[in-house]
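Since the model is a prediction, treat every value here as computed from it, not as a measurement.
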Amino acid sequence: MAPGLANWVALVLTVLLGLSCLVVALSEDETLDKLRFVRHAQDAPLVSQYNYIVIGGGTAGCPLAATLSEHSRVLLLERGGLPSRNMSDQQHFTDALADTSPASPAQRFVSEDGVVNARARVLGGGSCLNAGFYTRASTDYVRAAGWDARLVNSSYRWVERALVFRPAVPPWQAALRDALLEAGVTPDNGFTFDHVTGTKIGGTIFDSSGQRHTAADFLRHARPRGLTVFLYATVSRILFRQQEGVPYPVAYGVVFTDPLGVQHRVYLRDGAKNEVILSAGTLGSPQLLMLSGVGPQAHLEAHGVQVLVDQPMVGQGVADNPMNSVFIPSPVPVTLSLVQVVGITRSGSFIEGVSGSEFGIPVSEGARRLARSFGLFSPQTGQLGTLPPKQRTPEALERAAEAMRRLDRRAFRGGFILEKILGPVSSGHVELRSADPRANPAVTFNYFQESEDLQRCVRGIQTIERVIQSRAFANFTYANASTESIFTDSANFPVNLLPRHVNDSRTPEQYCRDTVMTIWHYHGGCQVGAVVDDDYRVFGVQRLRVIDSSTFKYSPGTNPQATVMMLGRYMGVKIQAERWRK
């Protein structure tokens, strides 16, 4: 390894992945802020009525609302705002993640396990923040979910026509592909959206110019007179009433608050087929159910929430696919690339990578001296900051940034190879911290609680070791750098709040536990069969559904965004068909 580079490598590790908000318009050139149906919550009437009220303008909510608007009046409520220009630029991938302000599009939280994480707060949801990789769920997953395979395929195609591209594979990604094949992750499946064992190139929501396309793009397909979108609209509760002749409480509207603190009420129009639909995500959907009185009775009473339905499974079965990563310093310059290649192993782990890790780092030395952000290496960035999370005071961040300004750019040259496990089997729960809908709930994922998850991680780490040692990847590793030293450098980076085990002979099991991070693929909390039925209707109430990743028991495919988008379209089509069925 180059002299002194090992010390610099201790400054870095891993990449926030997985979990895309471009403009939406009636024409390709018209931006969101020019669309008449996209408005600020302050401009909302105090009382209004719609056929459908969709809560959450994210990866599922946008395609769902766009589809429903074809024949109905739909209101889409999003607690965040429009994406900034930088969020659409691949070069600024980490800017939102490093933003810890109260209005950040990435609302940071730390799980009770001690892992730094984030949830989207922007129109387009997680698709505005992620690494853009697009890949479908497996046919086995679709079959197990009980979905209509033909409608699933047409819904995927609808998504793909709108915003998915074939990436131009740069040398680093090509080397990773060849190294995975050399390491035994076969066969070579070429370019495909399908989830198949072996190594493949997947799709991306970044176009050839590096611009991000997102779930918000689906609003281009909305009927303008059928859709209203309110931004900065924080829903505090769903309204229910008892209806004569109906055994369960019936949802009939919602209450939301605008940034000035004014409350607005939205009601469903008369008609048994009009519905409230929760698409607020894995944290937001169970949180809002509980705030509305649907959840574990004792827990709701402890937070002063009036219990409507005692539903102990709300918030249960929440899981996050643990991710572990290693930084590979490169002796040669590496071009920027986000996830393009994936190795789908037979042992239950998925191997991906990103390169050109100077994401967002200014090119000129003069600009670097003034820089406040160092991309993936920014002291502010959730999992990657060069300071342990508990030490990230403003003063400490500035000292760390100043130290980084003095580093040679070679300190940031290289790429990350990561592994994520299938499933996972381990799961936890979401609980209220308070009755404030703006506050993050308490989340416990129980990473590696089940030994099967840990063994899958170990096999993934062993695959990465073979990739690093392969002939195909030799151009992007230092000849005198041992695999052990590369992993040791990565293991010393403060990626989470867990207790550290400082030694030079970590077992793969210890590496998995010590360096666990999120890839933002968390799911569950309103699972099918426990909280909602096969049509995503909430048990124990009427005219309320949940349609988002909180309904999943396991994460679909290697990266879930394709399937979450598909689900929004899929259920929009099904609900429309139900509406007009006699």
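- Nearest heavy-atom pair across Val326 and Ile464 is CG1-CG2, 3.6 Å.
- Taking the charged nitrogens against the carboxylate oxygens, Lys574 and Asp535 do have a contact shorter than 4.0 Å, which makes a salt bridge.
- Pairing each heavy atom of Val467 with each of Phe473, the nearest pair is O-CB, 3.5 Å.
- Ring geometry for Tyr570 versus Trp147: interplanar angle of 30 to 60°, hence tilted.
- Under 3.5 Å, the side chains of Asn324 and Thr515 contain a donor-acceptor pair of N or O atoms.
- Arg79 and Gln107 form a side-chain donor-acceptor contact under 3.5 Å, judged by distance and modelled atom types alone.
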Would you check, one step at a time, whether the test side-chain contact (heavy atoms from CB on, under 4.5 Å) holds for Glu70 with Gln576?
CA-CA 9 Å; Glu70 294 170 5; Gln576 282 193 106; 3.3 Å; yes
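- Between Glu160 and Arg136 there is a salt bridge, since a side-chain N of the basic residue sits under 4.0 Å from a carboxylate O of the acidic one.
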Using side-chain contact (heavy atoms from CB on, under 4.5 Å), reason through Thr345 and Arg459 one step at a time and then give a plain yes or no.
CA-CA 9 Å; Thr345 71; Arg459 291 191 288 268; over 6 Å; no
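- Looking at Tyr522, its side chain never comes within 3.5 Å of a backbone N or O of Asn117 through a donor-acceptor pair.
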Quick one: do Cys457 and Glu419 satisfy side-chain contact (heavy atoms from CB on, under 4.5 Å)? Show the steps, please.
CA-CA 7 Å; Cys457 177; Glu419 67 83 31; 3.1 Å; yes
With side-chain contact (heavy atoms from CB on, under 4.5 Å) as the test, would you mind laying out the steps for Tyr447 and Thr518 before giving the verdict?
CA-CA 10 Å; Tyr447 296 106; Thr518 185; 4.2 Å; yes
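- The side chain to side chain contact (heavy atoms under 4.5 Å, CB included) test with Lys200 is passed by exactly one of Thr135, Leu180, Asp188, Val185: Thr135.
- In this structure, Arg513 does not pair ionically with Glu509, as no charged nitrogen and carboxylate oxygen lie closer than 4.0 Å.
- Side-chain atoms of Asp548 come within 3.5 Å of backbone N or O of Ser550 as a donor-acceptor pair.
- Between the side chains of Thr463 and Arg466, at least one donor-acceptor pair of N or O atoms lies under 3.5 Å.
- Ring planes of Phe416 and Phe327: tilted class, angle from 30 to 60°.
- The side-chain heavy atoms of Trp158 and His221, taken from C-beta on, include a pair separated by under 4.5 Å.
- Ser549 and Thr282 form a side-chain donor-acceptor contact under 3.5 Å, judged by distance and modelled atom types alone.
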